[in-house]
S.K.: 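Let me begin by handing over the structure; questions about it come next.
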2 protein chains.
Amino acid sequence: MAKAEVAIRRRAPSKKSLETKARILDAAETLFARRGFDGTSVRDIAKLAGVQVALVHHHGGPKEDLFHQVISRRAKPLSDLRLTALESLKSAGEGLTVRAVLACFVEPFLDRTLKDEAPWRAYGRLIALVSADERWREIAADCFDPTAAVFVDELSELMPEATRLQVSSAFVFMVSGMLALTASSWRIGAVAQSDDAADLSGTLLDFCEAGFSSVCGGANPSA
Amino acid sequence: MAKAEVAIRRRAPSKKSLETKARILDAAETLFARRGFDGTSVRDIAKLAGVQVALVHHHGGPKEDLFHQVISRRAKPLSDLRLTALESLKSAGEGLTVRAVLACFVEPFLDRTLKDEAPWRAYGRLIALVSADERWREIAADCFDPTAAVFVDELSELMPEATRLQVSSAFVFMVSGMLALTASSWRIGAVAQSDDAADLSGTLLDFCEAGFSSVCGGANPSA
DNA sequence: GTCTATAATGAGATAGAC
DNA sequence: GTCTATCTCATTATAGAC
């Protein structure tokens, strides 16, 4: 019986001190976002989390696993937000436009990474980092490609004349613009020499709505 | 006299073994592009260049200086290509459209980073890396902002109703799309599940021409 | 689960001979 | 300009006490 108790305890996911694991993941998220994977040491993470170095390894495993966990932790909630928005839009019966579909993908992300609290801002920078580095291709494929595929499918249905390559290219341009807003919106100020906090999200949607219609609206290039 | 000779020799830029320095910069360019600044060690660079570690320090100085040199080495030639293209376009007297101006900025870059030899491909990835990381803000400002400003000015003249913030935002979206093509064009294939080597450069221009016209063509949002 | 201590390796940088 | 040798320090990861 005592043995059974122990076995149950071992199987139980954790006690209240997976709060510790969350602290470690939070710290890792902040630092990975700021300095990249190689620029961040496990020691820095431990210091920021207020724990010992060994504890980071205990909860996170090898550094690469820790990185993967940080990315995937918020990936599911984010996907849910996007897919729920898309479902709501579709069940509304009207207003199913290209722009509205793009908004379902972009806004859950930008609302949090531009306006919300620090964790999501860091996460946004982190995703930009992951998307730009072929080294994390697998992680990106795991966490983001399925949802992206749903949106590309939806857009393809809305623009039946466009090839899948056209839709995908336009989609990649949109994603790159979205990530540029969270990771390097300072560049806009640098070029514009202006500090207006404008409706960047709306500007992005304007830009991409027109871009999609230009790339995907017209003639078929092949055959 | 002997002293004068020595002084002259010291002042001379170098002999034929700044070929060595070039080899070091080439190796650094390749590795920085592949693994980032922190992911690349001076030892890796020395090994790839076929020289000793100390020689890398001798020619490149501290690691950060070496990185800066790698970026700035091709920045001037690239700027010249862009500005020359723009001048040619303007002196042609006709065809001075938004799309043509954008092409002057995008094509010199994409022609080399997509089609040309390995060095330029690596350099393209490297610029994507620098642009995404606020840590290299100064380098980016030194090497690329002046030319970008020229193009934003030109675009503003072509679209007088647009605010500078609108033009800058659209410009940042275009740059992000351009960099996405060199650094993560594999993502297009990943989403499209297709391997067509399409005219990505032309697609980008289609997308951005429409985007600019949408964002910069219309009404003034403020006041 | 949490800590101390330490192993094992690799990093950036420099001194000084040739 | 180039090389050998070395200094000094930080890194990931683990073993084992509590």
Side-chain angles (χ1 to χ4, degrees), chain A residues 2 5-32 34-71 135-136, chain B residues 2-3 5-32 34-71 135-136 139:
Chain A
E5 249 188 53
V6 168
I8 287 168
R9 280 205 160 184
R10 213 170 56 67
R11 226 161 240 252
S14 307
K15 44 172 109 179
K16 257 200 181 166
S17 290
L18 84 189
E19 181 184 280
T20 302
K21 174 155 186 173
R23 270 217 323 283
I24 291 173
L25 287 180
D26 287 345
E29 184 175 62
T30 302
L31 295 176
F32 281 144
R34 192 179 300 159
R35 304 255 310 162
F37 179 81
D38 294 300
T40 303
S41 73
V42 177
R43 305 176 110 80
D44 293 338
I45 295 170
K47 189 196 255 179
L48 183 60
V51 301
Q52 257 55 36
V53 194
L55 208 47
V56 176
H57 284 109
H58 180 71
H59 285 296
K63 198 183 171 190
E64 291 208 346
D65 290 3
L66 176 62
F67 187 72
H68 196 133
Q69 289 176 54
V70 169
I71 302 296
R135 186 175 169 194
W136 309 119
Chain B
K3 261 198 174 176
E5 248 187 52
V6 169
I8 286 168
R9 280 206 161 181
R10 214 171 55 66
R11 225 162 240 246
S14 307
K15 45 173 105 177
K16 258 198 180 168
S17 291
L18 82 190
E19 182 185 281
T20 301
K21 173 155 187 174
R23 270 217 321 283
I24 291 172
L25 288 180
D26 287 344
E29 185 175 61
T30 302
L31 294 176
F32 282 144
R34 192 178 301 158
R35 306 256 307 163
F37 179 81
D38 294 301
T40 302
S41 74
V42 176
R43 305 176 115 81
D44 293 338
I45 295 170
K47 188 196 255 180
L48 182 60
V51 299
Q52 259 54 37
V53 195
L55 208 47
V56 176
H57 283 109
H58 180 71
H59 281 100
K63 198 183 170 189
E64 292 208 347
D65 290 4
L66 176 62
F67 187 73
H68 196 134
Q69 288 175 56
V70 168
I71 302 296
R135 186 175 170 194
W136 309 117
I139 297 184

S.K.: Nearest whole angstrom, please: distance from the C1' of C:dA15 to the NE2 of B:H58.
M.R.: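 It works out to 14 Å between those atoms.
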S.K.: Can you tell me how far the CD1 atom of A:I71 sits from the CD atom of A:E29, to the nearest 0.5 Å?
M.R.: 8.0 Å
S.K.: Distance check: side-chain N/O of B:T20 vs OP1/OP2 of D:dT2, anything under 4.0 Å?
M.R.: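 For D:dT2, OP1/OP2 do have a side-chain N/O of B:T20 under 4.0 Å.
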S.K.: Between atom NZ in A:K47 and atom C1' in D:dT11, what is the gap in whole Å?
M.R.: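 Result: 14 Å.
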S.K.: Could you tell me how far apart A:L55 (CG) and C:dT2 (P) are, to the nearest whole angstrom?
M.R.: 5 Å
S.K.: Got a sec, which residues hit side chain to side chain donor-acceptor pair (under 3.5 Å) with A:R34, two or more places apart in sequence or on another chain?
M.R.: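 None.
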S.K.: Report all side-chain donor-acceptor pairs from residues 48-65 of chain B shorter than 3.5 Å, counting only partners two or more places apart or in another chain.
M.R.:
| residue | atom | partner | partner atom | Å |
| --- | --- | --- | --- | --- |
| B:H59 | ND1 | B:L55 | O | 3.4 |
| B:K63 | NZ | B:F37 | O | 3.0 |
| B:K63 | NZ | B:T40 | O | 2.7 |

S.K.: The side chain of B:A54 is closest to which nucleotide in this list: C:dT4, C:dA15, D:dT2?
M.R.: C:dA15
S.K.: Are side-chain heavy atoms of A:L66 and A:I45 found at a separation under 4.5 Å?
M.R.: yes
S.K.: Are any non-hydrogen side-chain atoms of A:T30 and A:D26 less than 4.5 angstrom apart?
M.R.: no
S.K.: For C:dC3 and A:Q52 - does any side-chain N or O of the residue sit under 4.0 Å from the phosphate oxygens OP1/OP2?
M.R.: yes
S.K.: Encode nucleotides 6-13 of chain C as B, S and - characters from 5' to 3', where the letter depends on protein heavy atoms closer than 4.0 Å: B to the base, S only to sugar-phosphate, - to neither.
M.R.: -----BBB
S.K.: In this structure, how many angstroms lie between the P atom of D:dT11 and the CG atom of A:L31, rounded?
M.R.: 12 Å
S.K.: Give a yes/no on whether any side-chain N or O of A:H59 is located under 4.0 angstrom from OP1 or OP2 of C:dT2.
M.R.: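 So the side chain of A:H59 is within the cut-off, an N or O lying under 4.0 Å from OP1 or OP2 of C:dT2.
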S.K.: Suppose the criterion is salt bridge (Lys or Arg N to Asp or Glu O under 4.0 Å): which pairs have a residue in residues 35-56 of chain B, not counting sequence neighbours?
M.R.: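 Output for this query lists B:D38-B:R135.
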